[in-house]
Amino acid sequence: MKNILLQPGKQPVDVIIIGAGPAGSVAAAYLLEQGLRVKILEKSQFPRFSIGESLLPQSMEILQQANLLQPVIEAGFQYKNGAIFRWQDEQVEFDFREKFSPGWGTTYQVQRDKFDSILVNQVEKQGAEVIYQATVKYVEYIDDGIRLEWQDNDGNIHTETAQFILDASGFGRVLPKLFNLEVPSNLPFRQSLFTHVIDQIPLTKFDRNKIIITVHPHDSQTWMWLIPFSDGTLSLGAVATPAFYQQFEGLSEDQTLERICHADTHLAVLLKGARYKYPARQIAGYSSSVKSYYGDRYALLGNAGEFLDPVFSSGVTIAFKSAQLACDVLKRQFAGETVCWQQQFVEPLSGGINTFRAFVEAWYEGSLLPILCYPNKDSEVTAMVCSVLAGYAWDKRNLVVQDSQKFLRLISELCQ
């Protein structure tokens, strides 16, 4: 992309952000701090339900830099310090405070309707204009800017002009669809069932400070998550291939999710007496990719660019990191500097995404679980793996991050 001259005030809005989720709010906070005028167009009405509820510690640093951390701390979300992986009769716990990388070792497990609303309300207070129930329909280039049309809930069409667009539309992937940027993911097609549960788990039976990831006892490609919240509820979900779900044909989604989770004895005990707070929902074929993360006067953030898999809770972390990197490039560009979006945005962002991708691929290939559950772990190797699980996928001091595929392959061979 050519180095476009961006000047504050040249258009009615400096930057339009599509989407008021985590990526959009963090981007808005960074841009407002630079003195830029920001407008957010959000398709939904907040608060709204979303998954991706288990944050990673690396995200805390970015929230702090964006001046969004304090309201999150004050919200009373469930404290989180690690993750538990269960496989057959094996169980391994990772405490994120024992990671290799410096920085935050704790975070929160959050109800996203509340969490996302806190973030966007905060950036509104900081000066962002937020329009809800605004569906972007069309984008075109104009002299020294970019123009888009959006439709309100009554069907009326409105026009906005800006110098730059950041697409943080998540699974809506607004610009990838409008600009024909979507390409198939190289990850296999999977679908997820999920809900919130009012649980009856005694505190003596479960550490609510950790997420539980459980591999299905009869299918290693199927796994379940259990994410506890601070109000006595939890997020419950399962990820599997369409072929696995075929055995439950004729059952409701609630019944299917219950059957899957109760197949594991440990989960069945924890969920005894639990009640569904909402009917189970599903998302299918969520993994995605794009031809390019940026173009003429636009860049893609978070899931609008690429989504891997929910198994390591990397979605919000990648969203935050993409917002941080993109806004740093925009800061330079609005200051009149020559920038390179490929070198300063895509390459650093892709480094962490590729680390997470190596872990996801190793998880489904079956080579990662033996590493996680290996009884004779080397403490240094465990700390380096723990860092990635805690979200520090961009720390190149970590040997796991430097060449994740090679490292995981080597360690897998040693664990056999």
Side-chain angles (χ1 to χ4, degrees), residues 11-33 36-53 55 63 66-68 71-72 74-75 77 110-140 145-179 196 278 281 283 286 298-305 307 315-316 319-320 322-323 326-327 330:
Q11 294 292 341
V13 178
D14 294 315
V15 180
I16 289 177
I17 298 173
I18 304 174
S25 291
V26 166
Y30 276 121
L31 296 172
L32 290 167
E33 189 175 339
L36 299 174
R37 292 174 300 172
V38 177
K39 180 175 286 189
I40 301 176
L41 301 178
E42 167 56 47
K43 184 177 181 179
S44 304
Q45 180 64 55
F46 277 33
R48 54 92 175 93
F49 183 90
S50 180
I51 55 173
E53 301 141 323
L55 305 183
L63 285 173
N67 294 317
L68 295 173
V72 173
E74 294 172 356
F77 290 119
V110 302
Q111 297 95 326
R112 284 286 302 278
D113 55 351
K114 181 179 179 181
F115 177 73
D116 291 9
S117 292
I118 287 172
L119 297 187
V120 74
N121 290 342
Q122 190 67 18
V123 297
E124 277 194 276
K125 293 177 183 177
Q126 294 172 4
E129 181 182 355
V130 183
I131 301 177
Y132 296 98
Q133 296 181 307
T135 302
V136 176
K137 309 294 287 186
Y138 178 75
V139 176
E140 68 175 359
I146 192 164
R147 184 177 74 89
L148 61 76
E149 293 181 354
W150 60 272
Q151 183 176 335
D152 64 26
N153 209 36
D154 295 322
N156 301 311
I157 298 296
H158 306 262
T159 299
E160 307 285 349
T161 58
Q163 292 197 71
F164 205 92
I165 295 178
L166 290 175
D167 186 352
S169 59
F171 291 125
R173 301 181 185 119
V174 172
L175 292 188
K177 291 177 180 177
L178 290 177
F179 290 165
H196 282 184
Y278 309 114
R281 313 180 190 191
I283 298 178
Y286 41 74
Y298 72 85
L300 310 179
L301 307 182
N303 296 348
F307 183 75
V316 172
F320 282 172
S322 65
C327 290
L330 278 176

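Using a 4.5 Å heavy-atom cutoff, the side chains of Leu119 and Val72 are in contact. Between Asn153 and Gln45, the closest side-chain pair of non-hydrogen atoms is not below 4.5 Å. Under the 4.5 Å side-chain criterion, counting only non-hydrogen atoms from C-beta, Ile118 is not in contact with Val110.
Formation of a donor-acceptor pair under 3.5 Å by the Arg112 side chain with backbone atoms of Gly52 is found in this model. Counting only distance, with no hydrogens or angles, the side chain of Lys137 and the backbone of Ile157 share no donor-acceptor pair below 3.5 Å. A donor-acceptor pair under 3.5 Å is formed between the side chain of Arg37 and the backbone N or O of Gln11. In terms of modelled atom types and a separation under 3.5 Å, the side chain of Glu42 and the main chain of Ala20 share a donor-acceptor contact. Remark: side-chain polar atoms of Ser322 are paired, donor with acceptor, to backbone N or O of Gly302 under 3.5 angstrom. Under the 3.5 Å distance criterion, the side-chain polar atoms of Asp152 are matched with a main-chain donor or acceptor of Asn156.
Among all heavy-atom pairs drawn from Arg173 and Asp167, the shortest one is C-OD2, 4.1 Å.
Relative ring orientation between Trp150 and His158 is described as parallel, the plane-to-plane angle staying below 30° on a 0-90° scale split at 30° and 60°. Taking the six-membered ring where tryptophan is involved, the planes of Phe49 and Tyr278 are perpendicular, since the angle between them exceeds 60° and thus also 30°.
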What's the verdict on side chain to side chain contact (heavy atoms under 4.5 Å, CB included) for Arg48 and Asp116, showing C-alpha distance, side-chain angles and the deciding distance?
CA-CA 8 Å; Arg48 54 92 175 93; Asp116 291 9; 2.8 Å; yes
Full working for side chain to side chain contact (heavy atoms under 4.5 Å, CB included) between Phe115 and Leu55
CA-CA 11 Å; Phe115 177 73; Leu55 305 183; 3.9 Å; yes
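In summary, the aromatic rings of Phe171 and Tyr286 are positioned with their centroids too far apart to meet the 6.0 Å limit.
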